[in-house]
Amino acid sequence: MGSFDGIFDGLNEGQHQAVATTEGPLLVLAGAGSGKTRVLTHRIAHLIGGCGIPPESILAVTFTNKAAGEMRERIEKLLGPVAEGLWVGTFHSTCVRILRRDIGQIGRSRGFVIYDDSDSLAVIKEVLRRHDLDPKTHDPRGLRWRIDQWKNQGVLPARAVEEAGDLDDELSAELYVTYQRLLADANALDFGDLLLLTVELFRHYPEVLAHYQRRWQYVLVDEYQDTNRVQYQLVRMLAAQHENLCVVGDPDQSVYGWRGADIRNIMAFEHDYENAKVVKLEQNYRSTQPILSGASAVVSNNQGRRDKEMFTERTDGAVIRRYEAYDDRDEAQYVVRQILEGARGGDQAYGDYAILYRTNAQSRGFEEELLKYDIPYVVVGGVRFYDRAEIKDVLGYLRLVVNPQDDQALRRVVNRPARGIGKTTVDRAQQLAQQQGVPMLEALGRLVDSGQAGRSAKRVVAFLELMSGLAREVPSRRVDEAIALVLDRSGYLAALAKEATPEAEARHENLKELLTSAEDFHAVNALSPDEERGELEVFLDQVALISDLDSYEQREERVSLLTAHSAKGLEFERVFMTGMEEGIFPHGNSSRSEEGLEEERRLCYVGMTRAMNHLTLCWATERRRYGERSYQTASRFLDEIPSEFVEVIQSDAAPRQSFGGGGGRGAAQGGGFDEYAQDEVSIDYSFNQEGPDEITVRKGMRVRHPVFGVGTVGAVVGNGLDQKLRIKFDRVGIKTVMLRYANLEPA
DNA sequence: TCTGTAGGCGTTTTT
DNA sequence: CGCCTACAGA
């Protein structure tokens, strides 16, 4: 096999073999930092450029849009635009694509919408209501979790009912039936459905499956250790004929068991595919010896591991630091000071640093500390941009236009902004809808026609007119125009402007950001529009499937804050792993079972191996949890690192007298005084957007606000993230604006 | 119908 | 501690 344009240049033996083995089943066991993306991209480039395989015959599946995007980019770099017809996508987006074409076969409409977490939770609550169950005794999130598990396992409602083991299960299964019916009525699919229904489609319609089998002669799967049962089945079906299947993964980085991922999928690959070849990539190109050895030592405590011995040629390097903080504040201070020192020394950029933690809630303390020193940062994960209330409101209108059956969207938008259509009216509409078997939007109309709308009839008519107006105009517009139209016609923007609170200001900012991203979307989409589906539909699909992580980009000028889970696949020059305490990492909910604990340990391995040159592990003897003081012990994982790789640093911080608010109300006075004591604060916008950048605002200073005009700064209220400024504006009087969002400039 | 407040509850990780 | 929900009052 000849090399093509240096596709094989610079690959080590294992990588070379993985790239060159194009036919038949192949398992690539790729340890952390072993160049697995390189293997995948070069393999695809080799298939196309070297073997002459048409790009449209290749399917590459990843878990995140970000990974998919990066892969495509790197392939295009290797091959140029030849890669056009190549399909690189997530499991979910791939399934959407299949279902948009063929879901009609299993009796569903191709115009379905995708329900996200909060939509599906709302449906769950509706299910409980219909079964006369109290959400207090029947936890909606628990039920959703149970249903999700079923879907991950490939279990349809009927089978769940059949196989229910006890009364509890039986009830859950019945609720699953109702849930699924409600989704169908709304012409909606949840995340789990995308995978589950695709597998069902393939199972019952072999000719449909055959179509995709013929089309995708070569299938590649990234992060195979994270596949769940349905994903496993899907891959298996697609590859069944040709078995040109290459899966890449690392059992030591399997950290999504709670989401249904089954580590056995990767462990049993050779059993599943008889002629499978196995390639191990054991050279780590990322980390120094102490980091790699420390991380390997931790994960080697897991039982039943697949043997893998990682090595690095970077045998020098600083030892791992272990910092023992007095409390969580001390921990945050230490980390931020280290960052400050590194950056002031001039050698490090802020972007070289990542602060990792186990749970999103832990970010807050670090954010406040970073804010104090004006250090730019980005928090990855947590609340999705598209999950913010105002964004979902606006998208709700668009969803309802695209799919008038979308009851969740209707419930969301019908009274936002407040237009006097309250609970009573909505409940009536809901009842009528249920009785007559029509969507709620339709039911609203019938309510008016039959004179049952009472006092709110007029307002309901106005709403229906608004919706039909939008339905008429939106389809012919660009997405960004459609959004602008909704904002205007619905009175949403006007209501926000009238509110004139810092929160409203923040929401307005987010909506502007939405408009910008819609413009960007249009610009890209216009280049290769989908022939069958409108721009808006494609936009809504994308929005439903995008995660916060997907839009994250590492930038030189800002520190990254993220969970260990989110950090998977990334690398940083310097990493702080924080909250390394029993109960947090390993997390209390996972430490009870041995499998849970092993997954935590793998997660620890993932976190540690993100570091290229410097790794610091922090823990605190005391920590505020649920607002209460809790005494912590060091994570067992810390003691699993051989001491030769570790330097222990003790905090010299003096124990503080009290914890912020302490136990009693009396402390609030102190806090209150403190809040108003500040008279100078500087604002750094750079973590939020590009652009200019930092100004210092002083009490008495004249500033210009983009909406309220010129004014004089009064007081600075609050601290940290919630910091607000009270400003007396010349035109509109005293307003409080939120520091983070008010785009102030000196006047 | 809307707004304010008190109480309860929770936090694991996310496509 | 902070968010969300349920409920009471206007």
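None of these values were measured; they are calculated from a predicted model. Proteins get letters first, then strands, A, B, ... in listed order; numbering begins at 1 in each.
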Is there a side-chain contact between [X] and the phosphate of [N], meaning an N or O under 4.0 Å from OP1 or OP2?
X	N	answer
A/Lys568	B/dT14	no
A/Ser547	B/dT14	no
A/Thr64	B/dT14	no
A/Ser566	B/dT13	no
A/Asn65	B/dT15	no
A/Asn415	B/dC2	yes
A/Asn589	B/dG10	no
A/Thr563	B/dT12	no

Problem - Pairwise P distance for B/dT13 and C/dC4, with rounding to whole Å - result: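 Going atom to atom, P in each nucleotide, I get 15 Å.
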
Exercise for the section: Could you note down all residue pairs passing salt bridge (Lys or Arg N to Asp or Glu O under 4.0 Å) where residues 249-260 of chain A supplies at least one of them, sequence neighbours left out? Expected result: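 The answer is A/Asp250-A/Lys308, A/Asp252-A/Arg305, A/Asp252-A/Lys308.
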
Problem - Heavy-atom donor-acceptor pair, A/Trp258 side-chain to B/dT12 base, under 3.5 Å - result: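 Between B/dT12 and A/Trp258, which were checked side chain against base, a qualifying N/O pair under 3.5 Å is absent.
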
Handout entry: Under-3.5 Å donor-acceptor pair between A/Ser590 side chain and B/dT12 base
Key =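 Between B/dT12 and A/Ser590, which were checked side chain against base, a qualifying N/O pair under 3.5 Å is present.
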
Classify the nucleic acid contact of [X] as base, sugar-phosphate or nothing, counting any heavy atom under 4.0 Å across all strands shown.
X	result
A/Phe191	base
A/Arg602	nothing
A/Lys136	nothing

Problem - Nearest-nucleotide 5' precedence on DNA chain B, A/Ser456 against A/Arg384 - result: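 On the 5' side of the pair lies A/Ser456.
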
Practice task
Nearest-nucleotide wise, let me know which of A/Arg625 and A/Val380 is further upstream toward the 5' end of DNA chain B.
Solution key: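 Its nucleotide being nearer the 5' end, the pick is A/Arg625.
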
Practice task
Kindly confirm whether the side-chain ring of A/His587 is stacked on the base of B/dT12, judged by centres under 5.5 Å and planes under 30°.
Solution key: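 A/His587 vs B/dT12: stacking yes.
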
Exercise for the section: Quickly work out the A/Glu595 CD to B/dT12 P distance and round it to whole Å. Expected result: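 Going from CD in A/Glu595 over to P in B/dT12 covers 18 Å.
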
Exercise for the section: Give the rounded distance in Å between these two atoms: CG of A/Leu562 and C1' of B/dT12. Expected result: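 Taking CG of A/Leu562 and C1' of B/dT12, I get 15 Å after rounding.
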
Handout entry: Closest to side chain of A/Arg358, choosing from B/dC2, B/dT1, B/dT12
Key =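 Shortest atom-to-atom distance from the side chain points to B/dT12.
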
Problem - Nucleotide nearest A/Thr90 (side chain, heavy atoms from C-beta), chosen from B/dT1, B/dT15, C/dT5 - result: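 For A/Thr90, the side-chain atoms sit closest to B/dT15.
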
Handout entry: For A/Asn302, the option from A/Glu599, A/Glu595, A/Glu598 that meets side-chain contact (heavy atoms from CB on, under 4.5 Å)
Key =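 Between A/Asn302 and the candidates, side-chain contact (heavy atoms from CB on, under 4.5 Å) is satisfied uniquely by A/Glu598.
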
Handout entry: Pair A/Tyr212 and A/Phe202, ring centroids less than 6.0 Å apart
Key =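 Yes, the ring centres sit under 6.0 Å apart.
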
Exercise for the section: Measure the acute angle between the ring planes of A/Tyr256 and A/His565, then classify it against the limits of 30° and 60° as parallel, tilted or perpendicular. Expected result: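 Correct class here is tilted.
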
Practice task
Taking atom types as modelled, find out whether A/Asn265 and A/Thr227 have a side-chain donor-acceptor pair closer than 3.5 angstrom.
Solution key: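 Present: a donor and an acceptor within the cut-off.
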
